[in-house]
There are 2 protein chains.
Amino acid sequence: MLSRASKYAVLSTLFLAEHSNVDKKISVKVVAESIDVPNPFLAKLFQQLVRGKIISSTKGPNGGFFLTEKNRQKNVLDIIENIDGLNKFNDCFLGLNECDSKNPCPVHFIVEPFKNSLLGKFRDKTIQEFSKEISENGRVLTLKGLDLS
Amino acid sequence: MLSRASKYAVLSTLFLAEHSNVDKKISVKVVAESIDVPNPFLAKLFQQLVRGKIISSTKGPNGGFFLTEKNRQKNVLDIIENIDGLNKFNDCFLGLNECDSKNPCPVHFIVEPFKNSLLGKFRDKTIQEFSKEISENGRVLTLKGLDLS
DNA sequence: TCATTAAAAGATAAAAAGGTCTTTTAATAA
DNA sequence: TTATTAAAAGACCTTTTTATCTTTTAATGA
Ligand code: FES
Ligand code: FES
């Protein structure tokens with residue numbers, strides 16, 4: 001479904017939402033270790049997320065990555081769009097074309113309703129709201145050190 | 001979402017459902033050209049689909065690929081399972097683990113209902129039924145030679 | 001049985017995705 | 001203004017997926 005890059009991007013952005021703010025910046029290293037994701041790969045990813053205004057950064061001592069209030073108004077789809085683009089969602093499930101009800105593939109009318117509805121849900125909820133839910137209801141950002149019995 | 005291999009597998013199996021039967025076998029070449037898919041790649045794929053009992057084949061003159069009545073009772077999920085496996089559907093949307101309501105990731109309760117419902121729809125409809133719908137209602141198996149205006 | 005036809009098998013090549021490493025730039029605090 | 005810190009940038013490597021090519025095997029009809 002999503003590329004690994006996109007998955008890491010969502011997880012790490014939500015991690016920053018939970019643990020960072022303008023006065024508390026976090027280095028790639030700490031984020032990478034916290035959510036158990038390859039450090040140099042995440043570094044690359046963060047560069048792109050900064051360019052895409054999804055997250056913020058400053059260099060130098062006490063520098064690092066963090067989310068501003070504005071960053072927190074973005075939604076999950078913005079993150080995915082910044083990394084993978086939205087083609088994955090717009091394209092035909094069987095790879096024919098731009099998914100199109102005028103020339104539907106055999107599974108088109110099965111898949112299309114789900115796609116639109118899912119897309120909506122990812123668009124309607126801000127990072128801030130996700131963060132709130134994570135801290136209130138407990139959501140997992142990594143399986144690292146988790147006892148799965 | 002699906003690998004290209006899976007997409008080709010679904011399309012070509014539905015093509016065989018439409019155009020072949022025990023008395024009318026079709027060569028890879030014809031299928032590949034008809035649905036506009038790379039010939040040698042499809043040949044490899046067909047080998048695997050035959051082993052997985054999704055489609056049937058015979059060698060020699062007048063040989064080729066075709067669907068038996070039994071083949072037609074399989075569903076789309078059987079095809080996908082044979083090529084990609086079902087991990088894509090069982091795994092967590094954010095790549096954490098086997099998707100699990102006990103340790104839900106931040107998007108778990110958004111994604112899970114869709115996943116199950118979509119899975120069900122792909123399991124409930126046989127190739128035969130798809131084929132019927134294709135011939136009755138017109139569904140596109142390729143964009144080759146299609147005038148998209 | 002023998003030539004022909006078409007799939008099966010397997011080796012190989014190209015492209016894309018995933019991951020790593022090194023050097024450069026900018027911020028800051030001493 | 002300088003040493004230090006951490007991100008930015010870019011080059012590079014590995015693995016997986018996608019695609020191709022060649023040889024072998026099996027079925028058939030003459
Ligand atoms: S045309 Fe294939 S999913 Fe819409
Ligand atoms: S745990 Fe992530 S989708 Fe279920």
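All chains are named by letter (A, B, ...) in the order of the sequence lines, taking the proteins before the strands, and each is independently numbered beginning at 1.
- Across the protein-nucleic acid pair, A:D84 atom CG and C:dA16 atom P stand 15 Å apart, rounded to whole Å.
- Rounded to an integer number of Å, the gap from CZ of A:F41 to P of D:dC13 is 18 Å.
- Checking D:dA9, C:dG19, D:dA7 against the side-chain heavy atoms of A:R51 singles out D:dA9 as nearest.
- Contacts of B:K44 with the nucleic acid, taken as non-hydrogen atoms under 4.0 Å apart, include base atoms.
- The distance from atom CG of A:N87 to atom P of C:dA17 is 11 Å, rounded to the nearest whole Å.
- With DNA chain C read from its 5' end, the first of the two nearest nucleotides for A:G60 and A:A43 is the one closest to A:A43.
- For the residue pair A:S131 and A:E18, a side-chain donor N or O sits within less than 3.5 Å of a side-chain acceptor on the partner.
- Separating the OG atom in B:S12 from the CG atom in B:L49 is a distance of 6.0 Å, to the nearest 0.5 Å.
- When distances run from any side-chain atom of B:Q47 to the nucleotides C:dA8, C:dA7, D:dA8, the shortest one goes to C:dA8.
- A:L42 comes within contact range of no nucleotide atom at all, as no heavy-atom separation falls under 4.0 Å.
- Neither OP1 nor OP2 of D:dT18 sits under 4.0 Å from any side-chain N or O of B:Y8.
- B:P40 comes within 4.0 angstrom of a base, heavy atoms only.
- No donor-acceptor contact under 3.5 angstrom links the side chains of B:D36 and B:T142, judged on distance only.
- A salt bridge links B:K125 to B:E133: at least one charged side-chain nitrogen sits closer than 4.0 Å to a carboxylate oxygen.
- Rounded to whole Å, the distance from CD1 on B:I55 to C1' on C:dA6 is 14 Å.
- Atom CG in A:L45 sits about 15 Å away from atom C1' in D:dA9, given to the nearest Å.
- In this structure, A:K29 places its NZ atom 16 Å from C1' of C:dT20, rounding to the nearest Å.
- Of all non-hydrogen atoms in A:H108 and A:S101, the two that sit nearest each other are NE2-OG, 2.9 Å.
- Rounding to whole angstrom units, NZ of residue B:K25 and P of C:dT5 are separated by 17 Å.
- Residue A:R4 contributes atom CZ, which lies 18 Å from atom P of D:dT14 at whole-angstrom precision.
- Here the nucleotide nearest the side chain of A:S57, chosen from C:dA7, D:dA8, D:dA19, is D:dA8.
- Closest to the side chain of B:P61, out of D:dA8, D:dT28, D:dG10, is D:dT28.
- Contacts of B:F46 with the nucleic acid, taken as non-hydrogen atoms under 4.0 Å apart, are absent.
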